[in-house]
Amino acid sequence: MSSPDTALGTGEKRKLTLLAADLADWYRQGGGRSFPWREPGTPLYQLVCVEVLLQRTRAETVASFYNRFFTRFPGWQDLAEAPVEVLEEFLRPLGLWKRRAASLRALAAYAAEHDGMFPNRYEELLQVPAVGQYVAHAILMFQHGERFPLIDVNMARVVERFVRPRKLADIRHDPWLQQACKWLVRRGDPKTVNWSVLDHAALTCRARNPDCQSCLVSSRCAFKAV
DNA sequence: AAGACGGGGAA
DNA sequence: TTCCCAGTCTT
């Protein structure tokens with residue numbers, strides 16, 4: 001029995017289920033955003049690289065960088081063979097270039113030893129260099145088709161506003177938020193649900209100036225910013 | 001539990 | 001100028 005503070009309540013589950021259904025529906029009707037890496041058939045290589053490029057970086061920025069990056073580095077081998085200074089310079093306009101270069105090199109080295117495949121268990125994925133909770137979840141969902149939430153600052157903000165704020169500063173250490181996000185992707189196509197939440201966060205439930213007026217689910221939202 | 005990494009867009 | 005961006009790794 002968990003304390004009511006950390007446990008996901010029945011009413012909360014119901015709220016989240018309905019939220020996910022509404023946002024997924026909105027997404028299927030074309031309400032969300034469109035990015036090159038969301039196109040069907042995008043190779044795992046690109047999906048993993050993009051997750052690194054997206055860290056602390058606007059998706060639109062990465063989208064404008066997408067073609068340039070994958071033209072220069074078409075596969076893991078190209079990434080592994082490039083001198084790190086070249087990679088760093090290439091990533092410079094994105095920011096966090098030293099860290100990102102190191103991450104991509106480490107991932108390329110891992111991929112080379114594992115035939116481009118990644119572990120299918122969460123604990124094992126966390127041992128892979130440059131793979132934290134978010135990327136681990138992304139790989140489990142994209143490569144293995146598992147029902148995992150893309151828990152980032154966006155999903156956290158949507159869930160916290162819609163239901164209730166988390167207690168802990170770090171997203172990954174808040175048990176309630178973790179359960180809530182997991183519940184969010186319990187039904188429906190995982191990619192659709194995840195992307196719909198991220199897009200809702202980026203377009204409507206914005207960090208700075210949330211557009212509650214045009215929000216589809218504002219009537220059931222606990223945030224109530226005017 | 002904080003700090004570092006980082007350039008660029010938006011308010 | 002300040003805040004924020006599909007996080008991860010190090011003190």
Side-chain angles (χ1 to χ4, degrees), chain A residues 20 23-24 27 32-39 42 44-66 68-69 84-85 87-110 118 122-143 148-161 166-175 177-178 181-182 184-185 190-211 225:
Chain A
L23 292 184
Y27 185 86
R33 298 176 296 177
S34 157
F35 294 114
W37 55 88
R38 290 187 182 178
E39 294 302 315
T42 301
L44 183 66
Y45 164 69
Q46 294 194 9
L47 290 170
V48 173
C49 288
V50 162
E51 296 305 343
V52 174
L53 302 183
L54 282 167
Q55 290 170 11
R56 305 295 297 168
T57 307
R58 291 170 203 284
E60 291 74 12
T61 303
V62 175
S64 66
F65 194 72
Y66 186 87
R68 204 181 345 154
F69 184 86
V84 67
E85 308 81 37
L87 186 55
E88 287 178 350
E89 192 58 31
F90 197 87
L91 293 169
R92 183 139 191 154
L94 276 187
L96 297 177
W97 44 276
K98 249 182 106 58
R99 171 172 295 281
R100 275 197 247 260
S103 295
L104 290 172
R105 288 296 300 269
L107 286 167
Y110 181 92
F118 292 88
Y122 181 68
E123 301 302 331
E124 209 173 320
L125 271 167
L126 288 184
Q127 304 306 312
V128 178
V131 174
Q133 184 190 67
Y134 177 87
V135 174
H137 282 188
I139 290 175
L140 287 171
M141 191 191 66
F142 287 122
Q143 178 182 331
F148 275 84
L150 264 34
I151 310 180
D152 67 337
V153 63
N154 289 296
M155 182 174 288
R157 185 174 63 249
V158 170
V159 169
E160 289 186 73
R161 280 179 178 168
R166 67 172 175 269
K167 300 294 182 187
L168 303 182
D170 194 323
I171 289 173
R172 296 163 306 178
H173 291 43
D174 190 291
L177 182 63
Q178 292 290 319
C181 293
K182 191 80 172 67
L184 210 46
V185 296
K191 284 190 288 189
T192 300
V193 176
N194 275 300
W195 288 338
S196 75
V197 174
L198 300 191
D199 288 358
H200 174 66
L203 300 175
T204 305
C205 197
R206 301 180 292 242
R208 195 119 39 126
N209 179 29
D211 187 8

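- Regarding A/Asp211, its CG atom lies at a distance of 12 Å from the P atom of B/dA11, rounded to whole Å.
- Across the protein-nucleic acid pair, A/Lys167 atom NZ and B/dA1 atom P stand 14 Å apart, rounded to whole Å.
- For A/Asp170 and C/dC9, the CG to C1' distance is 12 Å, given to the nearest whole Å.
- Of the two residues near DNA chain C, A/Arg208 and A/Arg38, the one whose nearest nucleotide lies more 5' is A/Arg208.
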Pair A/Gln178-A/Gln133, side chain to side chain donor-acceptor pair (under 3.5 Å): steps then yes or no: CA-CA 11 Å; A/Gln178 292 290 319; A/Gln133 184 190 67; 3.0 Å; yes
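- With A/Asp174 contributing its side chain and A/Leu168 its backbone, the two residues share a donor-acceptor pair below 3.5 Å.
- Rounded to whole Å, atom P of C/dA6 lies 15 Å from atom CE of A/Met141.
- Taking a 4.0 Å limit (strictly below) on heavy-atom distances, residues 49-63 of chain A reaches DNA chain B at A/Arg56, A/Thr57, A/Arg58.
- Under 4.0 Å is where a charged nitrogen must lie from a carboxylate oxygen, and between A/Glu60 and A/Arg33 at least one such pair does.
- Of the listed nucleotides (B/dG8, C/dG7, C/dC4), C/dG7 has the atom at the smallest distance from the side chain of A/Val135.
- Ring geometry, A/Phe148 versus A/His137: the interplanar angle falls from 30° to 60°, so the pair is classed tilted.
- Rounded to an integer number of Å, the gap from A/Leu91 CG to B/dG6 P is 10 Å.
- Distance, A/Leu94 CG to B/dG7 P: 11 Å, rounded to whole Å.
- Classified by interplanar angle (parallel below 30°, tilted 30° to 60°, perpendicular above 60°), the ring pair A/Phe35/A/Trp37 is parallel.
- Between A/Trp97 and the phosphate of B/dG7, there is a side-chain N or O to OP1/OP2 separation shorter than 4.0 Å.
- A/Ser64 and A/Arg58 share no side-chain donor-acceptor pair at under 3.5 Å.
- Residue contacts shown for A/Phe65 are absent, as no nucleic acid heavy atom lies under 4.0 Å away.
- Checked against A/Asp199 for a salt bridge (Lys or Arg N to Asp or Glu O under 4.0 Å), the options A/Arg206, A/Lys191, A/Arg38 give a single hit: A/Arg38.
- Rounding to the nearest 0.5 Å places OG1 of A/Thr61 at 9.5 Å from CG of A/Leu54.
- If you check residues 191-201 of chain A against DNA chain B, you find no residue with a heavy atom closer than 4.0 Å.
- As rounded to the nearest Å, B/dA11 and C/dA6 have P atoms that lie 14 Å from one another.
- Following rounding to the nearest Å, A/Arg105 (CZ) and C/dC9 (P) show an atom-to-atom distance of 17 Å.
- In this entry the distance linking CG of A/Leu104 with C1' of C/dT8 reads 13 Å, nearest Å.
- Base contact: A/Arg100 has a heavy atom under 4.0 Å from a base atom.
- Within 4.0 Å of A/Pro149, counting heavy atoms only, lies no atom of the nucleic acid at all.
- Of the two residues contacting DNA chain B, namely A/Arg99 and A/His173, the nearest-nucleotide position lying further toward the 5' end is that of A/His173.
- Remark: the separation of the P atoms in C/dC3 and B/dA4 is 16 Å, to the nearest Å.
- Of the P atoms belonging to C/dT1 and B/dG6, the separation is 23 Å, rounded to the nearest Å.
- Comparing A/Lys98 and A/Asn209 by the nucleotide of DNA chain B whose heavy atom lies nearest to each, the residue mapping closer to the 5' end is A/Lys98.
- With values rounded to the nearest 0.5 angstrom, A/His200 atom NE2 is found 11.5 Å from A/Met155 atom CE.
- In terms of phosphate contacts, A/Arg157 brings a side-chain nitrogen or oxygen within less than 4.0 Å of OP1 or OP2 of C/dC5.
- C/dC9 and B/dG8 are spaced 23 Å apart, taking the C1' atom of each and rounding to whole Å.
- Two rings, from A/Phe118 and A/Tyr110, have their centers less than 6.0 Å apart.
- Residue A/Gly132 is in sugar-phosphate contact alone, with no base atom involved, counting any heavy-atom pair closer than 4.0 Å across all strands shown.
- Rounding to the nearest 0.5 Å places OG1 of A/Thr192 at 12.0 Å from CG of A/Leu23.
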